[in-house]
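Structure record follows, encoded as structure tokens.
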There are 2 protein chains.
Amino acid sequence: MRIGELAQKSGFSRDTIRFYEQNGLITSTVEDSETNSYRNYKDDCLVWLEFFAGAREAGMTVADLRSIVVSTAESCDREVARAVIQRKIEELEERAEQIGNVVLFLENTLSGSD
Amino acid sequence: MRIGELAQKSGFSRDTIRFYEQNGLITSTVEDSETNSYRNYKDDCLVWLEFFAGAREAGMTVADLRSIVVSTAESCDREVARAVIQRKIEELEERAEQIGNVVLFLENTLSGSD
DNA sequence: TAAAACAATAGACCATTGTCCACGGTTTGG
DNA sequence: CCAAACCGTGGACAATGGTCTATTGTTTTA
């Protein structure tokens, strides 16, 4: 599919998709046979983008996402991928714990304001 | 206390503390009686900074923190403060949920890579 | 009392994460 | 066939969250 369709389906702007592609988060192909230079995106780009949306919300950076994408690439060692992802999971769990602490602090602030 | 002590105790750099102060996250006083223009920070600045450290980790922005600080100021209506903080708590809980989703996706990626 | 350590201010500078714009080429609908 | 809609590229611009430097003044300490 072309970028417009991918943008529409994923909810990201074309600019953001190009930005992500420039940063190695997704890849596309350009058919030599074409007279244009339009990029073609496969369905798995959409799957990744859907993941990215949640992951960014969850506080992962573009660099984090790139490390995950790279680690899951064909060429990559399964164990390496496993380690990278496991590390990210741990970071997220730490973050979730931190959120719990902050919520407690805020709830305490609320009850203390009585 | 002065900025150096606050920096040492809080773990933030002096620059960051000044940045936070410029952005209304903490306040200080300058004694007229002093020959210098050194700022004095009260103990509650340290409490706030400790909170900020966790809150930033949890994904809250400086603007978020300012809204909380402002809402808890003496001059502010208790109900307004309550509403602001309650809203932030909800945002954090949404974020925590999002993190849960991302972790699931990643765990799925791991098991799918077998 | 002199050097070292500390402080204030202002402004430059940096990475991150996009967005917007101008320009020129391509495709598509009517 | 023509206009509208689409695409690519490159570069400017912006907000966020700091960091670093230069300059000048103050305090501490040996």
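Naming: A, B, ... by sequence-line order, numbering from 1 per chain.
Put simply, A/Tyr20 has no side-chain N or O that comes within less than 4.0 Å of OP1 or OP2 on C/dT17. Contact between the side-chain N/O atoms of A/Ser13 and the OP1/OP2 oxygens of C/dT19 is found at a separation under 4.0 Å. Note on A/Arg56: a side-chain N or O is less than 4.0 Å away from OP1 or OP2 of C/dG18. OP1 or OP2 of D/dT27 sits under 4.0 Å from a side-chain N or O of B/Asn36. In terms of phosphate contacts, A/Arg39 brings no side-chain nitrogen or oxygen within less than 4.0 Å of OP1 or OP2 of D/dC7. Considering only side-chain N and O atoms, A/Arg14 lies under 4.0 angstrom from the phosphate OP1 or OP2 of D/dC7. Dashed line: the shortest gap from a side-chain N or O of B/Ser37 to OP1 or OP2 of C/dA7 is not under 4.0 Å. Close to D/dT27, at under 4.0 Å from its OP1 or OP2, lies a side-chain N or O of B/Thr35.
Taking atom CZ on B/Arg18 and atom C1' on D/dG17, their separation rounds to 16 Å, with Å as the unit. We find that CD of A/Glu57 is positioned 14 Å from C1' of C/dT17, with the value rounded to whole Å. What separates CG of A/Asp15 from C1' of D/dC7 is a distance of 12 Å, to the nearest Å. Put simply, CD on A/Glu31 is 16 Å from C1' on C/dT26, counting in whole angstrom units. Rounded to an integer number of Å, the gap from CG of A/Leu6 to C1' of D/dC6 is 15 Å. Here the P atom of nucleotide D/dT19 and the CD atom of B/Gln22 are 13 Å apart, to the nearest Å. Between the CD1 atom of B/Ile17 and the P atom of C/dT9 there is a distance of 14 Å, given to the nearest Å. When the P atom of C/dA10 is taken as reference, atom CD of B/Glu21 falls 12 Å away, rounded to whole Å.
Closest to the side chain of A/Phe19, from the set D/dG18, C/dT26, C/dT17, is C/dT17.
In this structure, A/Asp77 places its CG atom where more than 12 heavy-atom neighbours from other residues, nucleotides or ligands lie under 6.0 Å away. Within a 6.0 Å sphere centred on CG of A/Asp44, heavy atoms belonging to other residues, nucleotides or ligands number more than 12.
DNA chain D is contacted by both B/Ala63 and B/Arg2; B/Ala63 maps to the nucleotide lying nearer its 5′ end (nearest heavy atom per residue).
There is a side-chain donor-acceptor pair under 3.5 Å between A/Asp64 and A/Thr61.
Classification of the B/Tyr20-B/Phe52 ring pair by plane angle, with boundaries at 30° and 60°, yields perpendicular.
On a pure distance criterion of 3.5 Å, a polar donor-acceptor pair joins the side chain of A/Tyr38 and the base of C/dG25.
Although no hydrogens or angles enter the test, the distance criterion places no donor-acceptor pair under 3.5 Å between the side chain of B/Asn108 and the main chain of B/Leu104.
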